[in-house]
Amino acid sequence: MPELPEVEVVRAGLERHVVGATLASVEVLHPRPVRRDPRGPSGFASVLTGRRVEAARRRGKYFWLPLDSGDALLGHLGMSGQMLVQPVGTADERHLRVRFGLTTGGELRFVDQRMFGGLSVSTGGADLPPEIEHIARDPIDPEFDDDLFVARVRKRTSGIKRLLLDQGLISGVGNIYADEALWRARLHGERSGDRLKRAQVVELLSHVRAVMGEALAQGGTSFDALYVNVNGESGYFDRSLSAYGQEGEPCGRCATPIRRITFMNRSSYFCPRCQPKPRAST
DNA sequence: AGTGGATCCTGAACGC
DNA sequence: TGCGTTCAGGATCCAC
């Protein structure tokens, strides 16, 4: 489940291994991953063929490769996507969806089991693809505006976990790191934004940064074989998790068993003692 | 405009 | 053994 640290590892891998190469061939093996591209699979392939990759950039969990045409190849890994650079002749991965032949030798491959991710060509999107203009900066971005984030959170009545997952407010935070940051901040995810003190939101933001920073230092999180970076190497961070996936395990602070509840059709893990559920009036 | 729930997708894990 | 159900979740879509 790639979150921002994993996507940054992928971006860095693309920068190192793909920038400077020309896409000599493009082969779409499944239409779904290019569903966002209005050109369709064949148009996607033809507009990319022969283009040179000039950079590798990222905002939140999106990455894009500006091209010598002024367009950009925009991508998102979804839940299970991978960008792999493989030698020519490497056996096809079971869920190989798109293959790019590179003039530098080797192939860039988009592999995605569940196909929540995808690729598309953004017209004139070299600087910031218009498709992702609504995505906020991430908290690692030097231009992230802390005061603006705090102010916006404190005007919203949604639960703080939903706000952390709102990519228009803050990008790059997924389910796992949201739970970890909330545990560190001792906040229940259902606490409404407008009822949090300014200092509570500031502290929560610092925990989000810390969790991301630790994951980035370790090369991203991996919980199963689904996430692999651009070279096919998995990152490991899972031993550091305090809340996510820890149902029934003792809280690291107070030893109360961690609980799991369903939220937005996914799981939320929290300590019922350190992170008390808000009362209806609070 | 903000809110909250549904939806997409595959395959591993689970229950009977 | 086999078949059906549940679960995982990022981003988008939609009704209110």
Side-chain angles (χ1 to χ4, degrees), chain A residues 1-8 10-11 29-38 58-64 74-83 93-98 110-120 122 129-138 149 151-182 188-196 208 212 215 220-228 238 241 243-248 259-269 278 280:
Chain A
M1 308 153 217
E3 298 202 38
L4 180 145
E6 290 85 349
V7 181
E8 175 55 25
V10 168
R11 187 208 63 77
L29 293 98
H30 195 297
R32 182 165 171 80
V34 298
R35 66 194 176 283
R36 291 266 164 214
D37 197 307
R58 180 186 61 76
R59 173 164 291 200
K61 299 175 200 170
Y62 284 92
F63 59 88
W64 69 97
L74 176 65
H76 195 292
L77 300 176
M79 278 189 64
S80 52
Q82 306 168 28
M83 289 290 268
E93 291 76 10
R94 183 171 176 190
H95 303 293
L96 177 62
R97 309 303 188 187
V98 183
F110 181 73
V111 178
D112 190 3
Q113 180 206 115
R114 293 171 198 167
M115 295 189 289
F116 275 34
L119 301 174
S120 62
S122 176
E131 294 88 341
I132 59 171
E133 279 177 347
H134 65 289
I135 303 289
R137 291 184 185 276
D138 66 68
F149 172 73
R152 291 177 75 185
V153 164
R154 296 187 70 221
K155 285 179 182 168
R156 300 277 293 269
T157 60
S158 294
I160 185 62
K161 179 164 179 183
R162 181 180 269 272
L163 297 176
L164 280 180
L165 297 176
D166 184 340
Q167 305 293 305
L169 276 180
I170 181 171
S171 68
V173 183
N175 198 45
I176 298 167
Y177 297 159
D179 278 3
E180 290 301 301
L182 288 166
H188 192 288
E190 292 172 12
R191 298 281 293 273
S192 96
D194 65 348
R195 285 175 170 152
L196 294 175
V208 170
M212 282 187 177
T221 307
S222 181
F223 300 93
D224 51 38
L226 290 176
Y227 169 72
V228 187
D238 50 307
L241 296 176
Y244 184 84
Q246 307 299 307
E247 183 179 21
R259 284 194 51 199
R260 180 177 84 99
I261 58 176
T262 298
F263 162 80
M264 286 173 78
N265 279 334
R266 61 215 62 192
S267 293
S268 283
Y269 299 88

When rounded to whole Å, the CZ to P distance for the pair A/Phe63 and C/dA11 reads 12 Å

Run the side-chain contact (heavy atoms from CB on, under 4.5 Å) check on A/Phe63 and A/Met83 step by step: do they pass? CA-CA 11 Å; A/Phe63 59 88; A/Met83 289 290 268; 3.8 Å; yes

Taking only side-chain N and O atoms of A/Ser267, does any of them lie within less than 4.0 angstrom of OP1 or OP2 on C/dA8? yes

Across the strands shown, which category fits A/Arg260 at heavy-atom distances under 4.0 angstrom: base, sugar-phosphate, nothing? sugar-phosphate

Comparing nearest nucleotides in DNA chain B, the 5'-proximal residue of the pair A/Lys155, A/Met264 is A/Lys155

Using modelled atom types and a 3.5 Å cut-off, is there a donor and acceptor pairing between side-chain atoms of A/Glu247 and backbone atoms of A/Tyr269? no

Would you mind reporting whether A/Tyr177 and A/Val208 have side-chain heavy atoms less than 4.5 Å apart? no

If you look at every strand shown and take non-hydrogen atoms under 4.0 Å, does A/His30 touch a base, only sugar-phosphate, or nothing? nothing

Base, sugar-phosphate or nothing for A/Tyr62? Non-hydrogen atoms, less than 4.0 Å. sugar-phosphate

Rounded to whole angstroms, how far apart are CZ on A/Arg266 and C1' on C/dC7? 12 Å

Tell me: CG of A/Asn175 to C1' of C/dA11, nearest whole Å? 13 Å

Tell me if a side-chain donor or acceptor on A/Arg97 pairs with a main-chain N or O of A/Asp112 at a distance below 3.5 Å. yes

A/Asp112 CG to C/dA8 P, straight-line distance once rounded to whole Å: 19 Å

Could you tell me, to 10°, how much the axis swings from one end of the helix from B/dG2-C/dC16 to B/dC16-C/dG2 to the other, five pairs per end? 50°

For chain A and DNA chain B, what are the first and last nucleotides along the strand, 5' to 3', with at least one atom under 4.0 angstrom from a heavy atom of the protein chain? B/dG2 to B/dA12

Reference residue A/Leu163; test side chain to side chain contact (heavy atoms under 4.5 Å, CB included); the match among A/Arg152, A/Arg156, A/Arg154: A/Arg156

Is A/Arg36 touching bases, backbone alone, or none of the nucleic acid, heavy atoms closer than 4.0 Å? sugar-phosphate

Expressed as a whole number of angstroms, how long is the span from A/Leu165:CG to C/dT12:P? 14 Å

Starting from P on C/dT12, measure out to CE on A/Met79 and report it in whole angstrom. 16 Å

With a 4.5 Å heavy-atom cut-off, do A/Pro278 and A/Arg195 have their side chains touching? no

What is the distance, rounded to the nearest whole Å, between atom CZ of A/Phe263 and atom P of C/dA8? 14 Å

A/Phe263 vs A/Leu165 side-chain heavy atoms within contact, under 4.5 Å: yes

At 4.0 Å (heavy atoms only), tell me whether A/Arg162 reaches a base, stays on the sugar-phosphate, or touches nothing. base

Rounded at 0.5 Å granularity, tell me how far CZ in A/Arg162 sits from OG1 in A/Thr157. 10.0 Å

Does the pair A/Asp138 and A/Arg58 meet the rule for a side-chain contact (heavy atoms from CB on, under 4.5 Å), with working shown? CA-CA 10 Å; A/Asp138 66 68; A/Arg58 180 186 61 76; 3.1 Å; yes

Using modelled atom types and a 3.5 Å cut-off, is there a donor and acceptor pairing between side-chain atoms of A/Glu8 and backbone atoms of A/Glu6? no

Take atom CZ of A/Arg35 and atom P of C/dC13, then tell me their distance rounded to the nearest Å. 11 Å

Compare the aromatic ring of A/Phe116 with the six-membered base ring of C/dA11 and state whether they stack according to the 5.5 Å and 30° rule. no

